[in-house]
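As a basis for the values below, the full set of heavy atoms in this structure was taken, side chains included, without hydrogen atoms, waters or symmetry mates.
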Amino acid sequence: IMCKILAFTNATQLKINNKLLNVLKSAVTMASDKDGFGYSIQGAKGFYGEKTLDVSSKFFSWFDTSDTTRSQPFVQLNQDSFGKKSPTTGGLIAHGRLSTNTKNLSCTHPYVTQKYSLIHNGVVQDLADEPIVCKTPNDTEILLRYWERDGISGVTKNCAGYYALAIQESKSLLHIVKDSMAMLHVAWCKSIDSWIFATTKEIIFKVAKDMKWEVDPPEAVKDNVWLIFSGNECISEEEITP
């Protein structure tokens with residue numbers, strides 16, 4: 001039982017609409033990950049995306065509606081958005097959450113700053129002599145704050161546990177990080193001209209089936225690796241020591 005992550009290195013050929021978002025939500029929450037869904041897209045005007053706590057209902061994007069109900073003071077919101085929808089320039093990441101701490105929108109992935117958008121599968125703890133300051137009780141934020149401060153070295157030197165990460169940076173860079181304990185698979189999808197990374201093979205197969213895409217057989221991503229993609233090109237591959 002674990003959170004589920006899903007990442008596309010190139011989302012420029014995807015039509016971002018409710019159909020696609022519901023397929024992604026269904027794929028990453030089809031097992032036990034019912035505590036939240038979120039996605040982030042690299043657009044011309046920066047990251048944009050949404051988070052929701054209601055994974056059992058059909059997802060309706062706020063970017064495509066003019067619904068005024070949510071602006072009323074008597075409405076309890078279980079969905080949030082960030083950024084401004086704009087033409088896609090890079091990848092897409094999506095996350096299904098199984099909560100190990102507080103279940104709320106603040107702890108729902110992705111964790112987004114001005115420079116990064118991050119999703120995580122795993123459980124970590126901060127082993128630094130002076131633990132980094134976080135705003136939420138979610139251990140994923142520990143990874144984000146160390147990544148912001150020191151990049152991959154901040155994560156490997158200070159975080160114990162296990163993790164697979166997908167981190168968007170700028171308009172087109174995508175970081176993929178996997179230690180020796182977390183699960184992660186990858187497959188090429190020529191229907192959309194993109195690599196697809198996901199926690200399990202079943203996620204990739206389900207998305208491909210529901211979207212009627214042709215996808216190669218998924219393979220396991222090797223252990224202790226840090227990859228950087230610019231679009232579909234892997235521009236850097238390094239071994240890490242967690």
Does Thr113 offer a backbone N or O that forms a donor-acceptor pair with the side chain of Ser117 under 3.5 Å?
no

For the CZ atom of Phe229 and the CD atom of Glu169, what is their distance to the nearest 0.5 Å?
15.0 Å

Between the side chains of Asn232 and Thr9, is a donor N or O closer than 3.5 angstrom to an acceptor N or O?
yes

Is there a chain of hydrophobic side chains (I, L, V, M, F, W, Y, each step under 4.5 Å between heavy atoms) that links Tyr116 to Tyr39?
no

Run Arg145 and Glu141 through salt bridge (Lys or Arg N to Asp or Glu O under 4.0 Å) and show every step you take.
CA-CA 6 Å; Arg145 299 308 170 195; Glu141 189 181 354; 2.9 Å; yes

Enter the distance from Lys34:NZ to Ser99:OG here, rounded to the nearest 0.5 Å.
15.0 Å

Looking at side-chain heavy atoms only, is the closest gap between Ile192 and Asn10 below 4.5 Å?
no

Could you check His95, Arg97, Lys51 and say which one makes a side-chain hydrogen bond (donor to acceptor under 3.5 Å, both in side chains) with His109?
His95

Please tell me whether Leu14 and Val23 are part of a single hydrophobic cluster in this structure, the criterion being side-chain heavy atoms less than 4.5 Å apart.
yes

Say you draw a straight line from CD1 of Ile142 to OG1 of Thr136; how long is it, rounded to the nearest 0.5 Å?
8.5 Å

For Ser61, does its backbone N or O pair with a side-chain atom of Asn18 as donor and acceptor, under 3.5 Å?
yes

Side chains of Ile176 and Leu184: closer than 4.5 Å at any heavy-atom pair?
yes

For the residue pair Cys159 and Tyr146, what are the closest heavy atoms and their distance?
SG-CD1, 3.8 Å

Which pair of heavy atoms, one from Thr89 and one from Lys171, lies closest together, and at what distance?
OG1-O, 2.7 Å

Residues 72-81 side chain polar contacts: donor-acceptor under 3.5 Å, at least two apart:
residue: Gln79; atom: NE2; partner: Glu50; partner atom: OE2; Å: 3.3
residue: Gln79; atom: NE2; partner: Phe60; partner atom: O; Å: 3.1

What are the two closest non-hydrogen atoms of Leu6 and Ile119, and how far apart are they?
O-CD1, 3.8 Å

For the pair His185 (side chain) and Thr199 (backbone), establish whether a donor and an acceptor sit closer than 3.5 Å, ignoring hydrogens and angles.
yes

Smallest heavy-atom separation, Ile16 atom then Asp64 atom, equals O-OD2, 4.4 Å

Is it the case that one hydrophobic cluster holds both Phe59 and Phe82, taking links as side-chain heavy atoms less than 4.5 Å apart, direct or via other members?
no

With hydrophobic residues grouped by side-chain heavy-atom distances under 4.5 Å, do Val221 and Ile204 end up in a single group?
no

Exam field: side chain Lys25 to backbone Lys58, donor-acceptor pair closer than 3.5 Å
no

Kindly indicate whether the side chain of Val186, heavy atoms from C-beta on, has any atom under 4.5 Å from the side chain of Lys178.
no

Would you please test Leu105 and Leu53 for side-chain contact (heavy atoms from CB on, under 4.5 Å) and show each step?
CA-CA 7 Å; Leu105 286 172; Leu53 298 176; 3.9 Å; yes

How close do Leu127 and Ala160 get, heavy atom to heavy atom, and via which atoms?
CD1-CB, 3.2 Å

Measuring only between side-chain heavy atoms, which start at C-beta, is Asn22 closer than 4.5 Å to Asp210?
no

With a 4.5 Å limit on heavy-atom distance, are the side chains of Phe197 and Leu227 in contact?
yes

With rounding to the nearest 0.5 Å, note down the distance linking CD1 in Ile5 to OG1 in Thr200.
10.5 Å

Quick one: are Leu20 and Lys15 in side-chain contact, heavy atoms under 4.5 Å?
no

First locate atom OG of Ser191, then atom NZ of Lys212, and finally report the distance between them rounded to the nearest 0.5 Å.
12.0 Å

Does Asn158 form a side-chain contact (heavy atoms from CB on, under 4.5 Å) with Arg149? I'd like the steps, not just the answer.
CA-CA 12 Å; Asn158 297 291; Arg149 194 180 75 178; 4.3 Å; yes

For the residue pair Thr69 and Asp67, confirm or rule out a side-chain donor-acceptor distance under 3.5 Å.
yes

Taking Leu173's backbone N and O only, do any of them form a donor-acceptor pair with Gln42's side chain (distance below 3.5 Å, no angle check)?
yes

If the test is side-chain contact (heavy atoms from CB on, under 4.5 Å), which one of Thr29, Ile93, Val207, Ile203 qualifies with Leu24?
Val207

Taking Asn121 for its side chain and Ala182 for its backbone only, find out whether a donor-acceptor pair lies under 3.5 Å.
no

Taking the side chain as everything from C-beta on, heavy atoms only, tell me whether Trp147 gets closer than 4.5 Å to Ile152.
yes

Start with the C-alpha gap between Thr68 and Ser66, add the side-chain angles, then the distance that decides, and say whether side-chain contact (heavy atoms from CB on, under 4.5 Å) holds.
CA-CA 6 Å; Thr68 58; Ser66 57; over 6 Å; no

Once the angle between the rings of Trp226 and His175 is folded into 0 to 90°, is it parallel (under 30°), tilted (30 to 60°) or perpendicular (over 60°)?
parallel

I need the single residue from Val177, Asp223, Val155 that forms a side-chain contact (heavy atoms from CB on, under 4.5 Å) with Ile240. Which is it?
Val177

Quick one: are Tyr48 and Lys84 in side-chain contact, heavy atoms under 4.5 Å?
no

Applying a strict under-4.5 Å side-chain criterion to I, L, V, M, F, W and Y, I'd like to know whether Phe47 and Leu174 cluster together.
no

Nearest 0.5 Å, what's the CH2-OG1 distance between Trp62 and Thr52?
8.5 Å

Within the side chain of Lys4, is there an N or O that forms a donor-acceptor pair under 3.5 Å with the backbone of Met2?
yes

Kindly give the heavy-atom pair with the smallest separation between Tyr111 and Leu144, and that separation in Å.
CB-CD2, 3.7 Å

So for atom NZ, which belongs to Lys85, do other residues, nucleotides or ligands contribute more than 12 heavy atoms lying within a distance under 6.0 Å?
yes

